[in-house]
S.K.: 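Input: one structure, supplied below.
Because only heavy atoms are used, hydrogens play no part in the values below, and waters and symmetry mates are left out as well, while side chains stay in. Note that the coordinates shown come from a computational prediction; the quantities given were computed from them, not determined experimentally.
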Amino acid sequence: MFPLRDYDLAATLGCGQAFRWALRGNALEGVVSGRWVRLRSEGPNLFAEVAETPPDWHWLTAHLRLDEDLAGILATFPDDPAMRAATAACRGLRLLRQEPWECLASFILSSTKQIVQIRQCVQSLCERFGDPVAAPADAGPQFAFPAAARFAAAAEPELRACKLGFRAKYLRDAARRVAEGELDLETLRGLPTPAARERLMACFGVGRKIADCVLLFAYGRQDAFPVDVWVLRALQQLYFPKRRPSKARLQRFTETHFGPNAGYAQQYLFHYMRLAAGRPGAAALTARSW
DNA sequence: TTCCAGGAATCAA
DNA sequence: TTGATTCATGGA
């Protein structure tokens, strides 16, 4: 059990930054660092159920960023109407601290796919290529996220069987680079964001947006601001309703306007736009939305 | 049916 | 540099 303050667990795990969480009853089940876990938030407490008692809980507390001071972060957001509305609508939404390979691989699958489809692809890949992990019988078979070497060794048709489409060759290319050490995801931690971004974008199929997702969701880089179709609409409609700046111009605007926690602000804008469009990742939490 | 989805590579101008 | 096209697949 962990204290939980100012933390919307359902929004955090369902807002489209991670793809392995499933809603079962009032609990969220997923696999983190090769461990199955069932999470349930009740008032000020978070209850975590695992299959095998771990030596410590850092793998979970770090992943969920349980020690982070949300109020301090929200206080750094720009005081404009858009961010005030987004903060009011999404309060409690958190960023996770994901494993780089799983994050990179997942977002390679994400291009022009809906979040629900990305989940299905990730699920298929884990079932087909992942090692089984311990889980209670009522949770069903559970699998770890496959190592890069597993995808690198797979034939492209095997990957396409998981509905990857044209992204299959992208995943294989990145998997090969990681498996062979050409791309060392651990050394990226010590690099400045632009240099780390450049390394990621060297992968075939990884552009600015996917690289920024990995930099933000896995490495916690607050100077990474992924601009997808939703965030693009947010920037156009909420900040430049009259003019029609180019995407490059909007990207530059994000580099200066959103402050030291710009990445966090980005996720609030993203989730706010989806809520407004009636695509609840979490708020009006129903089985259908998952 | 038609449109669109947490894009990126490619090619034309 | 910028703009259109193509790439799979399935939800809404």
S.K.: For a quick test of reading the model: is some side-chain N or O of R208(A) closer than 4.0 Å to OP1 or OP2 of dG7(B)?
M.R.: no
S.K.: For the P atoms, the ones on dT5(C) and on dC3(B), what distance do you get once it is rounded to whole angstrom?
M.R.: 14 Å
S.K.: Can you check whether any acceptor in the base of dG6(B) is under 3.5 Å from a donor in the side chain of Q117(A), or vice versa?
M.R.: no
S.K.: Would you mind telling me which of dG11(C), dG6(B), dA5(B) lies closest to the side-chain atoms of D228(A)?
M.R.: dG6(B)
S.K.: Rounded off to whole Å, could you give me the CD1-to-P distance for the I108(A) and dA9(B) pair?
M.R.: 10 Å
S.K.: Could you tell me if E68(A) and Y264(A) have a donor-acceptor pair between their side chains, going purely by distance under 3.5 Å?
M.R.: yes
S.K.: Starting at atom CG of L250(A), determine the distance to atom C1' of dT2(C), rounded to an integer number of angstrom.
M.R.: 15 Å
S.K.: Round to the nearest Å and state the distance from W230(A) atom CH2 to dC4(B) atom P.
M.R.: 12 Å
S.K.: For the side chain of R65(A) and the backbone of R94(A), is there at least one donor-acceptor N/O pair under 3.5 Å apart?
M.R.: no
S.K.: Looking at D173(A) and R177(A), does any basic side-chain N land under 4.0 Å from a carboxylate oxygen?
M.R.: yes
S.K.: Which nucleotide sits closest to the side chain of F166(A): dG7(B), dG6(B), dA5(B)?
M.R.: dG7(B)
S.K.: Report the base-pairing partner of dC11(B) (Watson-Crick or G-U wobble, both distances below 3.5 angstrom), or none.
M.R.: dG3(C)
S.K.: Would Q123(A) and E127(A) count as a side chain to side chain donor-acceptor pair (under 3.5 Å) if you check the C-alpha gap in whole Å, the side-chain angles of each, and the deciding distance to 0.1 Å?
M.R.: CA-CA 6 Å; Q123(A) 175 71 18; E127(A) 288 175 357; 2.6 Å; yes
S.K.: Could you label the plane-to-plane angle of the Y239(A) and H257(A) rings as parallel, tilted or perpendicular, counting under 30° as parallel and over 60° as perpendicular?
M.R.: perpendicular
S.K.: Name the nucleic acid region contacted by F217(A), choosing base, sugar-phosphate or nothing; use a 4.0 angstrom heavy-atom cut-off, strictly under.
M.R.: base
S.K.: For R167(A) and Y170(A), take the nucleotide of DNA chain B holding the closest heavy atom to each; which residue's nucleotide lies nearer the 5' end?
M.R.: R167(A)
S.K.: Can you tell me if the side-chain N/O atoms of K209(A) get under 4.0 Å from OP1 or OP2 in dA8(B)?
M.R.: no
S.K.: To the nearest angstrom, how far is L109(A) atom CG from dG7(B) atom C1'?
M.R.: 12 Å
S.K.: Measuring only the C1' atom in each nucleotide, how far is dT6(C) from dC4(B)? A whole number of Å is fine.
M.R.: 16 Å
S.K.: Once you round it to whole Å, what is the distance between P of dC7(C) and NZ of K169(A)?
M.R.: 10 Å
S.K.: Quick one: F270(A) CZ to dA5(B) C1', roughly how many Å, whole number?
M.R.: 10 Å
S.K.: Quick one: label G205(A) by what it contacts on the DNA or RNA (base, sugar-phosphate, nothing), any heavy atom closer than 4.0 Å.
M.R.: sugar-phosphate
S.K.: On DNA chain C, does the nearest nucleotide to Q120(A) precede the nearest nucleotide to T112(A) from the 5' side, or the other way round? Give the residue.
M.R.: T112(A)
S.K.: Give the nucleotide from the list dG6(B), dT10(B), dA8(C) with an atom nearest to the side chain of F204(A).
M.R.: dT10(B)
S.K.: For the side chain of V116(A), starting at C-beta, report the closest nucleotide among dG6(B), dA8(B), dG11(C).
M.R.: dG11(C)
S.K.: S110(A) near the nucleic acid: base, sugar-phosphate alone, or nothing, with a heavy-atom cut-off under 4.0 Å?
M.R.: sugar-phosphate
S.K.: Angle class for the W101(A)/F145(A) ring planes (parallel below 30°, perpendicular above 60°, tilted otherwise)?
M.R.: perpendicular
S.K.: Which part of the nucleic acid, if any, lies within reach of R249(A) when heavy atoms closer than 4.0 Å are counted: base, sugar-phosphate only, or nothing?
M.R.: nothing
S.K.: Let me know the distance between CG of L200(A) and C1' of dA8(B), rounded to the nearest Å.
M.R.: 15 Å
S.K.: Say you pick atom P in dG11(C) and the same atom in dA8(B); how far apart are they, in whole Å?
M.R.: 23 Å
S.K.: The side chain of V231(A) is closest to which nucleotide in this list: dT2(C), dG6(B), dA8(C)?
M.R.: dG6(B)
S.K.: L104(A) CG to dG6(B) P: how many Å, rounded?
M.R.: 19 Å
